[in-house]
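Data first, discussion second: the structure below is written as structure tokens.
These figures come from a predicted structure and were not determined experimentally.
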Amino acid sequence: MYSSTSETPAITPRQTMRGHAKWVTGAAHLPGGRRIITCSMDGSLRLWDLKSGTQIGEDWRDENDPVRSMALSPNGEIVASGCHDGTVKLWDIETKKVISKWRGHGNVVRALCWSADGERVASGSEDGTARVWDVKTGQNILTLTTGHTWVWAVMYSPDSSKLA
């Protein structure tokens, strides 16, 4: 199928997943290509089967703070979520439980990115800072004050030597 305005194939939905009560703010494909995780302003993360479009298990919740961003670890075993209250949480995908909580941002965490080796997570916030966290210790090892009101994106270079 092609769109009428270009030679680029049109994208057609394969599934419609229903369940979140508020905006979906992030999604990540899990290794194997059969499942995705979504996060939402309703305070939940949800695991979905791509073939059937159905939710797998119950919602993942830790308090009811809106989840504004998420990023999957390079090994596909942990998802980082950024919350409305400025907290970054790490979730174990198999147990569906929070395994670590990092506090430091003074406002919504809008952006997350893992380093290629999975040892660091960068976060960007509406407090105008970007932070780098050590995954093993949970320590904030670097805080960058950007001079901007919000940080909407953070991204490691492929070799993790630079952060944009």
Side-chain angles (χ1 to χ4, degrees), residues 11 13 16-31 35-48 50 55 58-93 95-164:
I11 297 172
T16 300
M17 284 80 162
R18 298 194 191 284
H20 285 294
K22 295 186 179 177
W23 300 340
V24 172
T25 54
H29 284 269
L30 294 177
R35 302 178 299 166
I36 63 169
I37 296 174
T38 57
C39 64
S40 169
M41 292 291 290
D42 67 11
S44 73
L45 282 79
R46 295 173 189 236
L47 184 64
W48 303 91
L50 284 176
Q55 184 175 329
E58 298 296 317
D59 305 358
W60 307 6
R61 289 187 184 269
D62 180 62
E63 303 159 9
N64 279 323
D65 195 41
V67 183
R68 302 299 288 262
S69 55
M70 63 183 273
L72 184 64
S73 65
N75 66 9
E77 296 175 0
I78 300 170
V79 66
S81 66
C83 298
H84 200 75
D85 68 357
T87 303
V88 175
K89 298 176 185 178
L90 297 187
W91 300 77
D92 180 288
I93 289 175
T95 66
K96 302 170 182 75
K97 301 288 183 196
V98 173
I99 56 175
S100 192
K101 291 183 189 182
W102 306 332
R103 291 181 171 83
H105 285 295
N107 209 330
V108 176
V109 177
R110 287 273 182 188
L112 294 163
C113 183
W114 288 79
S115 62
D117 60 12
E119 294 181 5
R120 307 274 188 267
V121 171
S123 58
S125 172
E126 287 186 13
D127 66 5
T129 67
R131 293 176 182 261
V132 176
W133 306 86
D134 182 282
V135 172
K136 286 183 184 160
T137 67
Q139 295 297 308
N140 177 198
I141 58 173
L142 178 66
T143 301
L144 302 168
T145 304
T146 66
H148 298 285
T149 305
W150 292 358
V151 176
W152 283 82
V154 289
M155 183 62 65
Y156 276 103
S157 61
D159 67 358
S160 298
S161 66
K162 298 174 189 72
L163 181 67

In Å and rounded to the nearest 0.5 Å, what is the [atom1] to [atom2] distance from [X] to [Y]?
X: L50; Y: I36; atom1: CG; atom2: CD1; result: 5.0 Å
X: M155; Y: L163; atom1: CE; atom2: CG; result: 9.5 Å
X: S73; Y: D92; atom1: OG; atom2: CG; result: 9.5 Å
X: L72; Y: M70; atom1: CG; atom2: CE; result: 7.0 Å
X: T87; Y: R103; atom1: OG1; atom2: CZ; result: 4.5 Å

So which atom in [X] and which in [Y] form the shortest heavy-atom distance, rounded to 0.1 Å?
X: D117; Y: R120; value: OD1-N, 4.2 Å
X: S115; Y: P74; value: O-CG, 3.2 Å
X: S69; Y: A111; value: OG-N, 3.8 Å

For [Y], does its backbone N or O pair with a side-chain atom of [X] as donor and acceptor, under 3.5 Å?
X: K89; Y: D62; result: yes
X: N107; Y: D127; result: no
X: N140; Y: V132; result: yes
X: T38; Y: A27; result: no
X: W114; Y: A71; result: yes

Where do V121 and L112 land on the side-chain contact (heavy atoms from CB on, under 4.5 Å) test, with the steps shown first?
CA-CA 7 Å; V121 171; L112 294 163; 4.0 Å; yes

Set out, in order, the CA-CA distance, both residues' side-chain angles and the distance that settles side chain to side chain donor-acceptor pair (under 3.5 Å) for W91 and S81, then state yes or no.
CA-CA 8 Å; W91 300 77; S81 66; 2.9 Å; yes

Under the side chain to side chain donor-acceptor pair (under 3.5 Å) criterion, do W150 and S125 qualify, and how do the steps go?
CA-CA 6 Å; W150 292 358; S125 172; over 6 Å; no

Side chains of [X] and [Y] in contact at under 4.5 Å (non-hydrogen atoms):
X: H105; Y: T129; result: yes
X: I93; Y: L30; result: yes
X: W133; Y: I141; result: no
X: E126; Y: T149; result: no
X: V79; Y: L90; result: no
X: V67; Y: M41; result: no

Without hydrogens or angle criteria, can the side chains of [X] and [Y] be said to hold a donor-acceptor pair below 3.5 Å?
X: R131; Y: T143; answer: yes
X: H84; Y: D65; answer: no
X: S40; Y: W23; answer: no
X: S44; Y: W60; answer: no

With side-chain contact (heavy atoms from CB on, under 4.5 Å) as the criterion, how do V154 and R110 come out once you've worked through the C-alpha distance, each side chain's angles and the decisive distance to 0.1 Å?
CA-CA 9 Å; V154 289; R110 287 273 182 188; over 6 Å; no

For D59, is there an ion pair with R46 - N to carboxylate O distance below 4.0 angstrom?
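Here R46 pairs with D59 in a salt bridge, since their nearest N and O are under 4.0 Å apart.
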
D159: partners by side-chain hydrogen bond (donor to acceptor under 3.5 Å, both in side chains), with sequence neighbours left out
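side-chain hydrogen bond (donor to acceptor under 3.5 Å, both in side chains) check on D159 returns S157, S161.
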
E63: side-chain hydrogen bond (donor to acceptor under 3.5 Å, both in side chains) partners, not counting sequence neighbours:
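If we apply the side-chain hydrogen bond (donor to acceptor under 3.5 Å, both in side chains) test to E63, skipping adjacent residues, the hits are K101.
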
Between K96 and L47, is a side-chain contact (heavy atoms from CB on, under 4.5 Å) present by the stated rule, with each step listed?
CA-CA 9 Å; K96 302 170 182 75; L47 184 64; 4.1 Å; yes

Carefully, step by step, assess C83 and V109 under the rule side-chain contact (heavy atoms from CB on, under 4.5 Å).
CA-CA 6 Å; C83 298; V109 177; over 6 Å; no

